[in-house]
Number of protein chains: 2
Amino acid sequence: MVAAGDAMESRIGRMCIERGLKMTGQRRVIARVLSEAADHPDVEELYRRAAILDSRISVATVYRTVRLLEEKGILERRDFGGGRARYEATEEGDHYHLIDVDTGKVVEFEDAEHTALMHRIAERLGFDLVSHRLELFARRKRVPVADMAAPQAAADSKNGPRR
Amino acid sequence: MVAAGDAMESRIGRMCIERGLKMTGQRRVIARVLSEAADHPDVEELYRRAAILDSRISVATVYRTVRLLEEKGILERRDFGGGRARYEATEEGDHYHLIDVDTGKVVEFEDAEHTALMHRIAERLGFDLVSHRLELFARRKRVPVADMAAPQAAADSKNGPRR
DNA sequence: GTAGTTGCAAAGGGTTTGCGAGTCG
DNA sequence: CGACTCGCAAACCCTTTGCAACTAC
């Protein structure tokens with residue numbers, strides 16, 4: 001069981017406390033929105049969702065919070081093209097994104113082979129890999145005739161085709 | 001030998017003509033700057049270099065030209081982080097970039113294995129790969145004792161560490 | 001001659017910030 | 001209480017655009 005004080009704290013909210021962040025009402029709400037997000041929302045979207053739970057939140061605070069959490073390693077900033085940064089909670093192990101160029105939906109995937117290859121390449125060039133970025137832009141394969149709708153991994157909703 | 005009319009035209013200048021672009025003085029200068037660039041300049045840097053050759057050029061024109069050339073497939077836009085787009089002439093075959101996080105220098109490399117892997121991954125997820133993006137952020141390996149300075153691939157000059 | 005191009009300055013879109021007021025610990 | 005956080009609006013940065021003058025073809 002969780003300690004009494006953190007009982008109603010969201011997963012990310014608890015991470016904030018662990019790292020000694022002051023938990024204001026706004027932060028608690030944003031942390032909760034982030035904890036419940038299964039997609040990769042941008043700041044505007046986070047603001048929209050947060051405002052539903054507490055209308056006293058301003059976009060400036062969302063920007064500040066998201067930046068703070070990124071510095072603390074709780075969040076990761078993504079750039080899928082389109083000009084706005086998008087965020088997701090830091091997860092165990094590397095994973096990458098495939099963006100459907102027609103719908104803007106994002107499919108996550110892992111690939112140990114790729115990760116290993118990146119280290120080998122950096123090594124070959126005389127560097128130590130610090131981080132790397134990989135995005136695939138692709139179009140759903142046309143299914144010949146029969147069955148379509150083979151369920152995919154996690155996928156974003158909205159966010160139309162890129163810019 | 002080149003046709004008389006194109007004699008003093010830069011490589012990219014000639015590509016512009018091939019695609020039926022109207023060659024103004026400004027475009028000729030920008031095309032030349034791009035043709036001679038061995039790095040990945042951003043618009044501000046292109047403007048600076050172009051202004052040396054012809055001070056009647058405005059940034060707006062650089063933005064417009066660079067955009068036009070990208071649409072024509074002559075240039076490719078890159079995002080190495082730092083908020084500004086950077087450009088390089090389209091080249092044969094895929095190549096990627098490793099950014100030295102300490103100096104901001106960019107090292108180019110190719111890797112057929114990686115390119116093939118990207119197609120396989122998209123395939124596996126039920127997509128046809130349209131394009132992909134890969135950047136490595138790394139730090140130069142500390143050389144134990146003896147010989148350093150193992151020559152690298154192309155590298156940018158300025159452009160300090162990322163934002 | 002005419003469609004396309006340019007410079008200038010203003011407008012846009014995303015993100016940051018200065019400031020006084022308010023809040024967590 | 002003291003340091004930190006917030007909302008607001010102005011400021012920033014990069015990029016795009018409206019407009020009138022100009023130019024390549």
Side-chain angles (χ1 to χ4, degrees), chain A residues 3 5-6 8-9 13 16-31 40-48 50-51 53-72 75 77-87 159-160 162-163, chain B residues 3-6 8-9 13-14 16-31 40-48 50-51 53-72 75 77-87 159-160 162-163:
Chain A
D6 300 5
M8 20 66 86
E9 203 66 62
C16 291
I17 294 172
E18 278 172 29
R19 320 213 175 187
L21 295 182
K22 189 182 284 189
M23 286 310 284
T24 66
Q26 291 88 325
R27 272 186 199 167
R28 215 182 309 278
V29 169
I30 296 171
H40 307 75
D42 56 30
V43 168
E44 191 186 328
E45 178 62 24
L46 287 174
Y47 172 57
R48 192 175 302 124
L53 302 180
D54 182 346
S55 58
R56 297 167 313 175
I57 289 179
S58 77
V59 231
T61 297
V62 178
Y63 272 107
R64 280 192 272 235
T65 303
V66 119
R67 187 181 227 240
L68 178 68
L69 298 204
E70 194 201 351
E71 285 165 5
K72 294 294 183 183
L75 279 190
R77 190 207 317 241
R78 303 287 179 195
D79 166 25
F80 294 155
R84 35 232 292 171
R86 295 170 60 173
Y87 294 87
N159 298 89
R162 51 175 175 156
R163 197 187 258 181
Chain B
D6 300 4
M8 19 67 85
E9 203 65 63
R14 287 193 297 274
C16 290
I17 294 172
E18 277 173 29
R19 319 213 177 185
L21 295 181
K22 191 182 282 190
M23 285 311 284
T24 65
Q26 292 88 325
R27 272 188 199 165
R28 215 181 311 277
V29 169
I30 295 171
H40 306 75
D42 56 32
V43 168
E44 191 186 328
E45 179 61 23
L46 288 173
Y47 172 58
R48 192 175 302 124
L53 302 179
D54 181 347
S55 58
R56 297 167 314 175
I57 288 179
S58 76
V59 232
T61 297
V62 178
Y63 272 107
R64 281 192 273 235
T65 302
V66 118
R67 187 183 227 236
L68 178 67
L69 299 203
E70 194 202 352
E71 286 166 3
K72 295 293 183 184
L75 279 190
R77 190 206 316 242
R78 302 286 180 197
D79 166 26
F80 295 155
R84 36 232 289 169
R86 296 170 61 173
Y87 295 86
N159 300 88
R162 52 174 175 158
R163 195 187 257 180

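Remember, it's a predicted structure, so these values are computed and weren't measured experimentally. By convention in this document, chain letters (A, B, ...) are assigned in the order of the sequence lines, proteins followed by strands, and residues within each chain are numbered from 1.
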Whole angstrom is fine here: how far is it from CD1 in A:I57 over to C1' in D:dT5?
12 Å
Does a side-chain N or O of B:R67 approach OP1 or OP2 of D:dT16 to a distance below 4.0 Å, or not?
yes
Distance in angstrom units between B:E9 CD and D:dA24 P, rounded:
13 Å
Could you tell me which residues satisfy side-chain contact (heavy atoms from CB on, under 4.5 Å) with B:E44, sequence neighbours excluded, listed by chain and number?
B:D42, B:R48, B:R84
Measure from the side chain of B:V43, starting at C-beta and using heavy atoms only, and say which of C:dG7, D:dT15, D:dC8 lies closest.
D:dT15
Would you indicate, yes or no, if D:dC13 has its OP1 or OP2 atom less than 4.0 angstrom from a side-chain nitrogen or oxygen of B:R84?
no
Given side chains that start at C-beta, do those of B:V62 and B:I57 come closer than 4.5 Å, heavy atoms only?
yes
Which is more 5' along DNA chain D, the nucleotide nearest A:V62 or the one nearest B:V59? Just name the residue.
A:V62
Salt bridge (Lys or Arg N to Asp or Glu O under 4.0 Å) partners of B:R28, counting only residues at least two apart:
B:E9
What's the CD-P distance between B:Q26 and C:dC8, to the nearest Å?
11 Å
Residues in salt bridge (Lys or Arg N to Asp or Glu O under 4.0 Å) contact with B:E70, at least two apart in sequence or another chain
B:R77
Between A:Y87 and A:L75, which heavy-atom pair has the shortest distance, and what is it?
CD2-CD1, 4.1 Å
Look at A:Y63 and C:dT15 and indicate whether a side-chain polar atom (N or O) is within less than 4.0 Å of OP1 or OP2.
yes
Can you tell me the distance, in whole Å, between the CD atom of B:E70 and the C1' atom of D:dT16?
14 Å
Five pairs per end, C1' atoms only: what is the angle between the end axes of the helix from C:dG1-D:dC25 to C:dG25-D:dC1, to 10 degrees?
40°
For B:K72, is there any backbone N or O sitting under 3.5 Å from a side-chain donor or acceptor partner on B:R19?
yes
Considering residues at least two apart in sequence or located in another chain, which fulfil the side-chain contact (heavy atoms from CB on, under 4.5 Å) criterion with A:R27?
A:L21, A:K22, A:M23, A:T24, A:T65, A:L68
Going by the rule side-chain contact (heavy atoms from CB on, under 4.5 Å), which residues pair with A:R56 if we only count those two or more places apart in sequence or in a different chain?
A:D54
Show the distances under 3.5 angstrom between N or O atoms of the protein and N or O atoms of nucleotides 18-22 of chain D.
residue, atom, partner, partner atom, Å
D:dG18, O6, B:R64, NH1, 3.4

Please give me the minimum heavy-atom distance between A:V29 and A:A50, naming the atom from each residue.
CG1-O, 3.7 Å
Can you name the atoms? Protein N/O to nucleotides 21-25 of chain C N/O, anything below 3.5 Å, with the distance.
residue, atom, partner, partner atom, Å
C:dC24, O2, A:K22, NZ, 3.4
C:dG25, OP1, A:M23, N, 3.3

Return the value, rounded to whole Å, for the distance between atom CG of B:L68 and atom P of D:dT16.
12 Å
For B:R67, which residues count as a salt bridge (Lys or Arg N to Asp or Glu O under 4.0 Å) partner, sequence neighbours excluded?
none
If you compare all heavy atoms of B:P41 against all heavy atoms of B:L46, which two are closest, and at what distance to 0.1 Å?
CG-CD2, 3.5 Å
For the pair made of CD in A:E71 and C1' in D:dT5, what is the distance, rounded to whole Å?
15 Å
